[in-house]
Structure formats: structure tokens, C-alpha cells
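Have a look at the structure below, then the notes.
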Amino acid sequence: MTETGARQTPLWRAIAVYRIAALVYVGILVVRNVGVYERPLFAWPVLALTAAWTVFTTYAYAVPSRRKPPLLVADLVVTMAVMASSAVIVGPAALKAGAPTLAVAWHVAPVIAWAVAGGRRWGITAALAMGATDLVVRNHYDQAAFTGTVLMLLAALAVGYLVSIAEVSQQRLERAIQLEAATRERERLARDIHDSVLQVLALVKRRGAGLDGEAGELARLAGEQEAALRILVTGRTVDLADDHADVDLMMLLDPYASNTVSVAAPAGAVSLPSRTATELAAAVAAALDNVTKHCEPGTKVWVLVEDEPESVTVSVRDDGCGIPPDRLAEAESQGRLGVAQSIRGRVSDLGGTVRITTAPDQGTEVELTVPRASLG
């Protein structure tokens, strides 16, 4: 059973119930009006066919794999044939006098079936075909004759729309259930990892922080893995597929935290458009790369995020060697555009500014400011 078929099963059951109830109504009308029919004897075989087809479709539509165009077309054709037989059995005079056709009410069932199977377009197609047959059989085109066709069209539109809404709602519900299950599993894993792996990594980081050589390097790696693992188990990830969606900037900056890089942020989320957050995080990454390239190993870096009503500011400060005077201008003239393009260029495209404060042997501070007014 497909997922769509399983979701539509209650609707098909409702169609079966409607078809059976309509069959009972048709039988009552035939018994009541058979005296005015031109050929009353033929009404009973048609009524038997109607009952047999009701039983057949009830079982046929119960299996999702059978709800395909061949069965739907056959359902529509048989119902149209039952209705068309009214022109011979009931007779033009009785029909013109207001007698119902032999498929009265029962003929709406295939229209609803088409709407459930294929949506509004299929339902409208079936309603138009059935309505045209009804008009030809009645052979008069007054307000009463058109009422049945209009009602079938409205039913097709309503059912098709409700089916589409139900499909979307069901899909959203399933995604919510999956997300809840994933969140619970993540929380369980986080508890287990926190009680074992994270505590061991934190211990290695603390014990080896002041050591030199390979022991110090292992402590640094343990610190980096601890930070990365904490981000993983807490589920702080972001989907950047939508450029216009707001995301938390900290979800992009937290992975840079390590034994040598400290990331500080406000208590709440720093919401920015996806593209803005990505570009700002890339500029921070370029600043951190400069520290790695030009400073001694183990240089401490502090990343501070300030979320203000008018702007968002990210400061990257280190206690490294600093930048000699005119070094940035010299690097840009030589075609080395790391700061000019990777940092200033990105922030400038966002309508922001970059301020670099440095001095030899006194570290460097790169301040990236993006005004919220420019974010649109």
C-alpha cells in the first residue's frame, strides 16, 4: 500500500458509504415512480445492474493499487450508461414532467471518486461529462436541468480542494512526527555522550592545556573535538537552502570554537537572512585564517557577537603578532586580497563596514558591522 493510498483510504470508504446510500434512494424512487415509466419492465434489470456495480466498486476501490484510470473510466462509463437508459425507460414525457433519472444521486459517486483520485481537474472533467449526459437525457435546458450539473461541479471543486489540503496536512504531520522522534533520539544520545565522551575530552583538554609537544597538541585536538561534538549533539545546524529565510548567526559561528578560539554571543538567537549570515560567517572565517597563517601556534582568539537594534557587530580579536604599518596596503598592491576581498568585500556587499585595529606585538582586532537597515 502506497503512502498516498493509505492516507486516502477513509475518503474511499466514505464514497462507498455514499454510493450504497444513494443506491437505496434510487431503489425507493424506482418503486415509487415505476408506474409512470414508458417501459417499466426494463427498470428492474437496470436497478440490478446498479446494485451489482455498487458492490463491485466497493470492493475494487478498497485496494489502492486498483484506483487507476481503467477502473475510474469504467465507473464513469457505467454510470453514464445507467443515466442514458433513462431516456428509453423513463421516457421523454416523464423526464420533462420532472421524473428523476434512474441514476439520480447515485451518479455523483464517480465524480467524487475522480476528484479524490486526481484532484480538482479530474473531478471537473468527470462532472462535465456526467452533466452533459444528464442534459442530453432530459432534453430540456431550463434552470432545473442545469442545477444538477452545477452541483456536481461544486462537489468536484470542494472535494478536490479538500483532498489537496488533506495531503499537505498529512505530510506536514508526518514531518513533525519524524522531527520529534529525531529530537528525542538526539537528546538521548546527547545524555549518553555527555556522560562519557564529552567528559573525557574535556578532561584531556584541561590536563594537557599547559603541556608542550605532542601532549599539548593532543589537548588542543581534544578541545576542538569536544566543541564540535557539543554542536552536533545539541542539533545546532542550519539549512541554508533558502536565501530569504532567517537563521541564527551563532549556528554558523559556533563550529569555529576550539581550544584557542572563544566564541561569545548574546543569550538569544542572532537572526539574520541566510545569505547575510553566510557571508558574515565567511568573513569571520577569513579573519581566523589570517591568525592561523601569520601568528604563532596557540595564539588566543576571541570572537564577540553584539546584536543591537540598529546593527550586528562581530569582533575578532587576537593576542598575536599584530600587523605592521602599511602591511595591508602593501598586500593589496601585490595582489594578495585576503583582507580586501574575503573580509572587506563581503561586508561591503552587505552594506556594512570593517574596522581593523592593530599594532606590532599587540594583537589585532577586526570589527565587522552590518546595519540591519541594509538587510531589507
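Quick caveat, the model's predicted, so the values are computed rather than measured. When reading the values below, keep in mind they use all heavy atoms of this one structure, side chains included, and skip hydrogens, waters and symmetry mates.
Comment: R355 engages E367 in a salt bridge, judged by a side-chain N to carboxylate O separation of less than 4.0 angstrom.
Every residue meeting the ring-ring contact (aromatic ring centres under 6.0 Å, His included) condition with F56, not counting sequence neighbours, appears here in chain and number order: W53.
Although no hydrogens or angles enter the test, the distance criterion places a donor-acceptor pair under 3.5 Å between the side chain of T278 and the main chain of S274. Side-chain atoms of T369 never come within 3.5 Å of backbone atoms of G352 as a donor-acceptor pair (strictly under, hydrogens ignored). Counting only distance, with no hydrogens or angles, the side chain of D248 and the backbone of S271 share no donor-acceptor pair below 3.5 Å. The closest donor-acceptor contact from the side chain of D75 to the backbone of L71 lies at 3.5 Å or more, if one exists at all. Without hydrogens or angle criteria, W114 side chain to L72 main chain gives a donor-acceptor distance under 3.5 Å. Using modelled atom types, no side-chain atom of T276 and backbone atom of L272 make a donor-acceptor pair closer than 3.5 Å. R346 places no side-chain N or O within 3.5 Å of a backbone atom of A283 that could act as its donor or acceptor partner.
Counted by atom type alone, R19 and T58 present zero donor-acceptor pairs between their side chains at under 3.5 Å.
A pairwise comparison of heavy atoms in P110 and T79 identifies CG-OG1, 3.5 Å as the closest pair. The minimum heavy-atom distance between I124 and A156, with the atom names listed, is N-CB, 3.7 Å.
Annotation for Y18: atom OH counts as buried by contact number, over 12 foreign heavy atoms lying within 6.0 Å.
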(request) Could you go through the salt bridge (Lys or Arg N to Asp or Glu O under 4.0 Å) check for R275 and D349 one step at a time? (result) CA-CA 11 Å; R275 176 181 173 276; D349 289 343; 5.3 Å; no
